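Below: one structure, written as structure tokens.
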Amino acid sequence: MRFATWNVNSVKARLPRLLDWLGTTAPDVVCLQETKVAGDGFPAGEVAELGYETAAYGQGRWNGVALLSRIGLDGVRRGFDGEPQFGGVAEARAISAVCGGIRFTSVYVPNGRTPDDPHYAYKLEWLAALRQALVPDLAAGPVVVAGDYNVAPTDADVWDIGVFAGSTHVTAPERAALARLRELGLTDVPARALKGDHPFTYWDYRAGMFHQNKGMRIDLVYASADVAGRVEDALVDRDARKGKGPSDHAPIVVDLKD
DNA sequence: ATGTCGGATTTAATCCGA
């Protein structure tokens, strides 16, 4: 089985690239983030022509997640039990389904903005609630939780930790929230870099950051032990970040033994 | 690093979020 996760930064803007990438990469399951379309706006017909079922959870302008699968898509859940809201609004940040015997959850963790911003507290609450929601899933069977975590797990996961002093994505509470996810039995599946010495997954559009490889590893694949033990290969597809009209994130592609 | 995107509204420059 091959699965992937990709923050596409608008599925409408990225549709030609997404379709090309599905054709060449041929994943069985894809976790998408930042689709930026309401549920009925997702281009499910186009991906269906390539053999994929779609489950989408969107709210329009911001956020939005989806799952694509060509090996079954059952038990779909939008959001999760106990998921916090922001300002009384339920944001579209998690969607879950069973594909090929694994429960996949595509997550778009709140950005946090700055540590003194209410969005930062929301981010920590959201991660803590996600942890609680995953307990029954992990008891039930194999689990993958993949997506844009908006947290760099270690100092090596940003191009220059000195630049990030006092910034979100690298603070101890955010990293502790990921550690608590791992304590449940989830493994951070290491993905290799196709170029350079570190598997960054995100490069800001501005200031030639991609060209200079000033990136961040904030897209992660967390897997239960049975899934992690089946990993044959995992890579960051930085080629998908190249050229005209890319997302600012690269996909992670994981191959499992059948 | 603050150099660009994407989506929206105030339909054509500006705002917001990342």
Side-chain angles (χ1 to χ4, degrees), chain A residues 5-21 31-43 46 56-66 84-94 106-127 146-153 155-171 174 196 198 200-220 236 238-252:
Chain A
T5 180
W6 193 9
N7 179 326
V8 290
N9 187 19
S10 170
V11 73
K12 286 182 181 174
R14 217 64 58 209
L15 187 59
R17 290 186 72 122
L18 174 63
L19 296 176
D20 283 350
W21 178 85
C31 301
L32 296 175
Q33 301 88 39
E34 282 208 85
T35 55
K36 296 185 175 179
V37 285
D40 57 2
F42 194 97
E46 285 89 339
Y57 179 34
Q59 62 184 104
R61 184 174 189 178
W62 306 119
N63 311 314
V65 286
Q85 301 183 343
F86 190 87
V89 176
E91 300 186 318
R93 295 184 174 277
S106 175
V107 295
Y108 177 49
V109 177
N111 177 285
R113 302 189 182 185
T114 58
D116 59 355
D117 192 290
H119 287 88
Y120 178 85
Y122 168 57
K123 180 181 196 174
L124 296 179
E125 292 166 12
W126 197 91
L127 284 166
D148 179 357
Y149 280 72
N150 271 317
V151 179
D155 287 356
D157 292 321
V158 297
W159 80 91
D160 179 0
I161 190 61
V163 172
F164 283 83
S167 297
T168 183
H169 293 57
V170 301
T171 67
E174 290 166 275
H198 204 80
F200 296 134
T201 64
Y202 163 84
W203 300 260
D204 196 296
Y205 283 124
R206 293 168 288 190
M209 300 292 270
F210 179 67
H211 179 69
Q212 299 171 71
N213 198 28
K214 292 182 174 177
M216 305 171 72
R217 188 176 79 96
I218 54 176
D219 300 85
L220 306 171
V236 179
R238 84 184 283 285
D239 291 344
R241 179 64 176 78
K242 294 178 178 175
K244 184 174 173 54
S247 170
D248 42 2
H249 294 252
I252 299 170

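The structure displayed is predicted, hence computed values, not measured ones. Lettering follows sequence order; numbering is per chain, from 1. Side chains are part of it too, since the values below use all heavy atoms of this structure and drop only hydrogens, waters and symmetry mates.
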Is the distance from the ring center of A:His169 to that of A:Phe164 below 6.0 Å? no

Counting heavy atoms from C-beta on, name the nucleotide in B:dA1, B:dA18, B:dG6 closest to the side chain of A:Asn111. B:dA18

Distance in angstrom units between A:Asp219 CG and B:dA18 P, rounded: 15 Å

Using the P atom in both, what is the distance from B:dT14 to B:dG3, to the nearest Å? 16 Å

Measuring only the P atom in each nucleotide, how far is B:dG17 from B:dT10? A whole number of Å is fine. 16 Å

What interatomic distance, in whole Å, is found between C1' of B:dA8 and the corresponding atom of B:dA1? 26 Å

Atom CG of A:Asp248 and atom P of B:dT2: how far apart are they, to the nearest Å? 18 Å

Hey, does the Lys NZ or Arg CZ of A:Arg241 hover above the aromatic six-ring of A:Phe210, less than 6.0 Å from the centre and inside 45° of the axis? yes

Any donor-acceptor pair under 3.5 Å linking the side-chain atoms of A:Asp148 with those of A:Gln33? no

Find the distance A:Glu34:CD to B:dG17:C1' and express it as a whole number of Å. 9 Å

Quick check on B:dT11: syn or anti? Syn means the glycosidic torsion is within 90 degrees of zero. syn

Mind calculating the distance between CZ (A:Arg206) and P (B:dA18) to the nearest angstrom? 12 Å

In B/S/- notation (B base, S sugar-phosphate only, - none; protein heavy atoms under 4.0 Å), nucleotides 10-16 of chain B written 5' to 3' is ------B

Phosphate OP1/OP2 of B:dG6 contacted by A:Arg14 side-chain N/O (<4.0 Å): yes

Just the rounded figure in Å: distance from P of B:dA18 to OH of A:Tyr108. 5 Å

Would you kindly give the NZ-to-P distance between A:Lys36 and B:dC5, to the nearest whole Å? 13 Å

Does A:Trp62 have any ring-ring contact (aromatic ring centres under 6.0 Å, His included) partners at least two apart in sequence or in another chain, and if so, which? none

Could you state the interatomic distance from OH (A:Tyr149) to CG (A:Asn7), rounded to the nearest 0.5 Å? 13.5 Å

Tell me the interatomic distance from A:Asp148, atom CG, to B:dG17, atom C1', rounded to whole angstroms. 13 Å

